[in-house]
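Okay, structure first, notes after.
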Amino acid sequence: MVQDAYGSRRRRPSRAACRGLIAVAFALACAPVLAAPKPFAPANDVRCRAGASQHPFVPVLPAAKRALTETNQLVIVALGSSTTAGSGASEANSSYPAVLEAELRRRLPGREIRVINKGVGGQSAYDMLLRMESDVIAEKPSLLIWQTAVNDAIRDIGEEKLAKILKKGIRQVQGAGVDLVLMDLQWLPREGRYPKYDDYRAVLAKTAAENNVSVFPRYGMMRSWSRSKQFTPEELVGMDGDLHLVDAGYRCLAVRLADGIAAALTGTRSDGKPTN
């Protein structure tokens, strides 16, 4: 028994009770640390660059560079279908446009960077062409990343038709003084289901070359990621029939886009070396 300041008596806590109280206090003190979400490890970005030398992304971005120099601002519109919309991502912030904005802000500190997501799942190149004025030009960007032609290849709309649509879109964007990057079709583990898939990829590449448009080599990059054995199949294309990316794939897409865009704007590569 112990006596308190008021003269009353109370029982001394047992050793077992003390040990229990200490354990509870320790657990409460440590709980916030143990429960905190695990941050994304930047080291994982290294695997995103598998095959980078075989599939370089070296865009030419005079309008974006001028905007950044003169206004300290960079507005990018991401136009596309489900890859741009972020289908398969765990949350909106894991879509490639959202990660691209965060990556560019990190690489270009002190600059105002906005990446506007104009992705609509299931759309064809023609659907996007109809939105070019309202969803792209009206936003007054200095750069457009146009992810398209996958649904056109799957539906086999006709190679000549796709070429005409792409040319119209390119002329409209270039006429507005906006830089353009066309995104190559994605790599599919079972693309044999679409016999003309490579033919449509060739149409996009040829049209881009004829109109001096930079191409983001998504197909080659994704195939390199798969062959590197640093990703599980589920990390690259998820489990929904091999068409939609998931968080790891979207992040790598954004990292590689950010590598090329930042290098074009600053003249310095992701490894700190000059681009020339």
| said: Would you say that Glu101 contacts Ile76 through its side chain, given a criterion of any heavy-atom pair below 4.5 Å between the two side chains? | reply: no

| task | May I ask you to decide whether Lys164 forms a salt bridge with Glu160, counting only side-chain N to carboxylate O separations under 4.0 Å? | result | no

| Result of checking Asp179, Leu182, Val181 against Ser214 for side chain to side chain contact (heavy atoms under 4.5 Å, CB included) | Val181

| said: Assess the residue pair Lys161 and Asp152 against the criterion (salt bridge (Lys or Arg N to Asp or Glu O under 4.0 Å)); give the C-alpha distance rounded to whole Å, side-chain angles, the decisive distance to 0.1 Å, and a yes or no. | reply: CA-CA 10 Å; Lys161 182 177 180 180; Asp152 302 271; over 6 Å; no

| note | When rounded to the nearest 0.5 Å, the distance separating CG of Asp156 from NZ of Lys196 is 4.5 Å

| request: Treating Ile, Leu, Val, Met, Phe, Trp and Tyr as nodes and any side-chain heavy-atom pair under 4.5 angstrom as an edge, say whether Val99 and Ile261 lie in one connected cluster. | output: no

| said: Using side-chain heavy atoms (C-beta onward) and a distance below 4.5 Å, is Gln186 in contact with Tyr219? | reply: no

| said: Distance check, rounded to the nearest 0.5 Å: Arg223 atom CZ versus Trp187 atom CH2? | reply: 9.0 Å

| message | Other residues, nucleotides and ligands only: do more than 12 of their heavy atoms fall within 6.0 Å of CZ on Arg114? | response | no

| field | Considering all heavy atoms, the nearest Leu100-Ala258 contact | value | CD1-N, 3.7 Å

| Side chain proximity check, Glu112 to Arg105, heavy atoms < 4.5 angstrom | no

| N/O donor-acceptor pair under 3.5 Å between Ser94 side chain and Ser90 backbone | no

| query | Transitively linked via ILVMFWY side-chain contacts under 4.5 Å: Val60 with Val213? | reply | no

| Under 30°, 30 to 60°, or over 60°: which ring-plane class applies to Phe57 and Phe216, parallel, tilted or perpendicular? | perpendicular

| Is Val255 linked to Tyr250 within one hydrophobic cluster, defined over Ile, Leu, Val, Met, Phe, Trp and Tyr using a side-chain heavy-atom separation of less than 4.5 Å? | no

| remark: Of all heavy-atom pairs linking Arg256 and Arg49, the shortest is NH1-CA, 3.6 Å

| task | Would you check if Leu257 and Met183 make a side-chain contact, meaning some heavy-atom pair closer than 4.5 Å? | result | yes

| request: State, yes or no, whether a side-chain contact exists between Gln73 and Arg111 at a heavy-atom distance under 4.5 Å. | output: no

| Reported CD1-to-CZ distance for the pair Ile137 and Arg131, which is rounded to 0.5 angstrom | 12.5 Å

| Quick one: does Thr207's side chain have a donor or acceptor within less than 3.5 Å of a partner on Leu204's backbone? | no

| query | How many angstroms lie between CG in Leu129 and NZ in Lys167, if you round to the nearest 0.5 Å? | reply | 14.0 Å

| query | At what distance, to the nearest 0.5 angstrom, does CD1 of Ile165 lie from OG of Ser124? | reply | 6.5 Å

| request: Please report the closest heavy-atom contact between Ser81 and Gln123, naming both atoms and the distance. | output: CB-O, 3.8 Å

| task | For the residue pair Leu166 and Trp146, establish whether any side-chain heavy-atom pair is separated by less than 4.5 Å. | result | yes

| field | Close side-chain approach of Arg218 to Val150, heavy-atom, < 4.5 Å | value | yes

| note | So OG1 of Thr148 and CG of Leu185: to nearest 0.5 Å the spacing works out to 8.0 Å

| note | In short, Ala50 meets Ser224 closest at the heavy-atom pair O-CB, 3.5 Å

| query | Quick one: does Ile116's side chain get under 4.5 Å of Lys118's, heavy atoms only? | reply | yes

| query | If you take all heavy atoms of Ala264 and Leu61, which pair is closest and at what distance? | reply | CB-CD1, 3.9 Å

| query | Considering all heavy atoms of both residues, which atom of Gly88 and which atom of Asp247 are nearest to each other, and what is their separation? | reply | O-OD1, 4.5 Å

| query | Between Tyr200 and Ile157, is there a donor-acceptor pair closer than 3.5 Å when you use the side chain of the first and the backbone of the second? | reply | yes

| request: Decide yes or no on side chain to side chain contact (heavy atoms under 4.5 Å, CB included) for Leu144 and Met132, but give the supporting numbers first. | output: CA-CA 10 Å; Leu144 167 65; Met132 197 65 73; 3.9 Å; yes

| task | Please lay out, stage by stage, how Leu108 and Leu265 fare under the test side chain to side chain contact (heavy atoms under 4.5 Å, CB included). | result | CA-CA 9 Å; Leu108 303 169; Leu265 298 178; 4.1 Å; yes

| message | Given 3.5 Å as the limit, does a donor-acceptor pair link the side chain of Gln174 with the main chain of Asn211, or not? | response | yes

| query | Shared ILVMFWY cluster between Leu79 and Val120, side chains joined below 4.5 angstrom? | reply | no

